Amino acid sequence: MRTPPGFFGMSANDDYDVEAAVGETESSAASQKCYLPPSVGFSEQGVQNRGRKGYRVLQSQRAHGRHLQHRYTKWITCPVVAVLIGLLVAILLFQGFSSLSTKAFSTKAISSGLSENEYAILDVDDSVDGTSQQGRFPELSMKNRTRVRSAGMMFRRRVLDTLQGMLWARHPPEHAKSLEAASRGDLRGKSEVIVSNAHKMREEELVYHNFTHFTETYAEMKKTFKIFVYRDGFKPLVHGAKTGGVYATEGLFLKRMEDPSNSFTVSDPKKAHMFLLPYSVRQMVDFVQDPYSRSMRPMKTFIANYVETIASKYPYWNRTHGADHFFVSCHDWAPLSTMFHEELHKNSMKVVCNADLKANFDLRKDVSIPQTLKGGNQSDLDIGNLPPDQRDFFAFYAGQMHGVVRPVLIEHWKGKDPSMKIYEVLPPEIAQNISYAEHMKRSRYCLCPKGFEVNSPRIVEAILSGCVPVIIADNFVLPYSDVLDWTKFSITVAEKDIPHLKKILSSIPDGTYRSMQSRLKYIRRHFVWLEDPEDAEYDSFHMALHSIWRQSKKIRRKLRKPKADPSHILTAAS
């Protein structure tokens with residue numbers, strides 16, 4: 001039996017319609033019978049009438065079938081084609097983004113002098129800085145990087161950024177117009193460019209390696225990080241650090257940690273992620289050390305005995321061999337004060353200002369914090385915010401002749417160039433007219449050479465004065481460098497390049513200097529200690545805790561690995 005015409009039985013071509021119009025003879029009675037209404041007779045004339053009627057019915061069914069075919073084809077084909085085109089575009093975009101990310105990743109690896117696999121091991125902390133302080137454990141591989149990063153999230157963000165850029169190309173916002181005018185030089189010489197909040201946010205993000213990652217980990221730290229502070233020991237060596245002078249950072253941190261209102265401390269050590277040893281190296285230098293000797297033996301002996309007392313009284317030191325314990329100090333001798341206790345020296349975290357890679361500072365576990373000169377409530381963040389055009393001194397330095405670098409600076413530049421204000425101790429006749437602070441406020445660059453050690457309070461002073469810091473200290477791990485991109489707001493000069501200092505600084509384009517100087521206002525809050533609990537977010541105390549939190553997560557991740565020997569948790573990685 002022939003299949004009646006319709007959506008599935010009909011041939012979709014014109015030849016079939018021509019044949020039907022001519023009138024195809026039905027040779028079989030059964031084929032005719034399938035179209036006969038039951039009420040019609042079987043006379044000869046009736047059969048002919050039924051034939052004509054059946055043909056009209058056949059034509060109607062054919063036309064109805066063609067209509068259904070075209071309608072259903074549009075309903076089904078159009079969405080399918082649209083979906084396929086969308087998938088193709090998505091695949092092409094994603095491959096393009098992946099290619100760019102891969103090229104950028106390879107470029108960073110090459111610039112670091114590492115293979116891509118080695119660079120991935122060092123970059124497991126999901127940050128974009130690419131320095132060796134990001135990774136700690138070599139058993140992590142390239143696959144960890146893909147698991148850490150969400151490809152879907154990156155793809156969505158990049159697509160949205162691309163669409164936003166396409167829209168801005170057609171209808172640029174006001175802040176984009178201002179930025180374009182500034183790049184042409186139309187706004188050069190003005191002290192301030194008024195732009196929208198969106199532009200300010202993007203400018204602020206430039207001083208961080210990864211602003212989004214920083215804010216996410218900071219929120220996680222505030223929500224979950226807990227520290228247990230040991231109550232053992234007596235003042236002034238323990239629980240009695242000073243909060244003034246050049247070592248104020250040490251005392252300010254310990255004072256804040258022992259504040260009963262501090263939300264990061266817990267009384268139950270079982271809930272703690274890290275354990276603080278609250279002794280003060282500075283107080284030991286004042287009360288234990290022989291003032292006529294530079295021997296550190298009395299201080300080292302006291303610290304070793306204190307740790308042994310803690311280890312014999314509590315079970316927490318022995319379970320990790322001190323890997324989840326830390327101490328805080330800003331004294332020059334702090335990194336070497338642990339020498340008489342092997343586990344403290346090798347395993348525990350040092351939170352210090354003297355972050356010298358050649359003085360027992362370990363990038364895999366230690367934390368660098370800034371040295372604050374005075375401390376106290378430094379709530380005024382607008383110190384010395386003079387615009388570049390009002391800074392009439394090119395460079396400035398004044399200080400004691402400690403160490404070997406500062407005498408070289410004095411030898412090459414003191415009195416050699418009128419734009420370079422280089423002194424030893426600031427002469428009284430000059431200080432009467434222009435004070436030390438005024439010199440910083442009026443200088444474009446503030447020199448921060450190392451003294452006996454790499455750290456210096458001049459870095460914080462320069463930032464608060466709106467003066468671009470010039471750091472002259474080899475092997476110095478800058479404070480919060482796991483978060484902050486120091487190349488965006490400071491200059492680092494090698495010690496051997498001091499004779500060429502003026503040439504190096506003069507080669508910096510004026511636009512680059514202005515950008516660096518303007519970004520200092522975004523990081524000032526990270527280098528002051530704010531006492532108001534309602535307005536202390538992102539200050540130096542919280543930034544130090546954030547760095548400790550990041551390092552502690554890596555250490556705990558290593559401790560959770562099976563068959564790991566805690567006593568060699570860090571030495572094995574080296």
Side-chain angles (χ1 to χ4, degrees), residues 133 241-242 244-254 279-286 288-291 293-300 303 326-340 344-345 348-363 365-375 397-410 424-425 446-463 469-481 486 490-498 527 540 544 547:
Q133 49 192 327
K242 296 180 180 179
V246 293
Y247 306 123
T249 300
E250 173 183 312
L252 291 170
F253 186 91
L254 294 176
Y279 61 79
S280 171
V281 174
R282 176 191 178 179
Q283 293 290 74
M284 294 180 196
V285 173
D286 292 342
V288 176
Q289 290 295 120
D290 183 354
S293 172
R294 290 187 60 86
S295 173
M296 290 185 281
R297 177 174 292 275
M299 177 178 60
K300 294 178 180 179
I303 293 175
F326 73 99
F327 71 94
V328 180
S329 179
C330 224
H331 197 276
D332 297 349
W333 293 356
L336 301 177
S337 64
T338 61
M339 298 289 291
F340 281 10
L344 177 66
H345 185 67
S348 297
M349 181 189 301
K350 294 183 289 292
V351 182
V352 294
C353 297
N354 182 17
D356 189 347
L357 289 175
K358 291 188 175 181
N360 195 34
F361 186 88
D362 195 331
L363 285 171
K365 64 180 181 66
D366 297 336
V367 171
S368 174
I369 56 177
Q371 184 174 359
T372 302
L373 178 60
K374 295 179 179 179
Y397 169 77
Q400 300 285 348
M401 290 297 98
H402 296 163
V404 297
V405 173
R406 295 179 185 179
V408 176
L409 177 66
I410 295 298
E424 297 181 38
V425 178
C446 290
L447 308 184
C448 306
K450 63 179 292 187
F452 291 125
E453 306 298 342
V454 293
N455 53 299
S456 171
R458 288 173 181 80
I459 297 177
V460 175
E461 294 171 351
I463 292 173
V470 179
I471 300 161
I472 310 174
D474 296 348
N475 305 307
F476 184 23
V477 180
L478 295 168
Y480 314 140
S481 55
W486 282 78
S490 69
I491 305 295
T492 299
V493 176
E495 297 173 8
K496 63 181 180 62
D497 292 331
I498 289 179
F527 293 88
S540 194
S547 295

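Numbers here are sequence positions counted from 1. Predicted model, so just to flag it, every value in this text is computed and none were measured.
- The aromatic rings of Y480 and F527 are tilted relative to each other, their planes meeting at an angle between 30° and 60°.
- When atom types are taken as modelled, the side chain of S293 and the backbone of D290 share no donor-acceptor pair closer than 3.5 angstrom.
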Verdict with reasoning, W333 to Q289, per side-chain contact (heavy atoms from CB on, under 4.5 Å): CA-CA 12 Å; W333 293 356; Q289 290 295 120; 3.7 Å; yes
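- A distance-only check finds a donor-acceptor pair linking the side chain of R458 to the backbone of A398 [under 3.5 Å].
- For E495, the side-chain contact (heavy atoms from CB on, under 4.5 Å) partners are V405, K450, I472, D474, not counting sequence neighbours.
- Judged by distance alone, with hydrogens and angles left aside, the side-chain atoms of S490 form a donor-acceptor pair with the main-chain N or O of W486 at under 3.5 Å.
- Going from atom CG of L447 over to atom CD1 of I471 covers 11.0 Å, rounded to the nearest 0.5 Å.
- Rounding to the nearest 0.5 angstrom, the gap separating the CZ atom in R297 from the CE atom in M339 is 11.5 Å.
- Considering only residues two or more places apart in sequence or on other chains, F476 meets the ring pair (Phe, Tyr, Trp, His ring centres under 6.0 Å) condition with none of them.
- Closest approach of F327 to A334, counting heavy atoms only: CZ-O, 3.9 Å.
- At distances below 3.5 Å, at least one donor-acceptor pair connects side-chain atoms of E250 with backbone N or O atoms of C330.
- Taken to the nearest 0.5 Å, the CD atom of E453 stands 10.5 Å off from the CD atom of Q371.
- Side-chain N or O atoms of R282 include none that pairs as donor or acceptor with a backbone N or O of A241 at under 3.5 Å.
- Only one option out of I369, V367, D366, V351 pairs with S547 in a side-chain contact (heavy atoms from CB on, under 4.5 Å); it is V367.
- No side-chain donor-acceptor contact under 3.5 Å links E424 to the backbone of I410.
- A donor-acceptor pair is defined here as one N or O able to donate and one able to accept, closer than 3.5 Å; no such pair exists between the side chain of S368 and the backbone of A355.
- Here the CE atom belonging to M296 is positioned 13.0 Å from the CE atom belonging to M284, to the nearest 0.5 angstrom.
- Interatomic distance, K300 NZ to S295 OG, rounded to the nearest 0.5 Å: 7.5 Å.
- Under a 3.5 Å cut-off, the side chain of T249 and the backbone N or O of P370 do form a donor-acceptor pair.
- Closest approach of N354 to D332, counting heavy atoms only: ND2-O, 3.0 Å.
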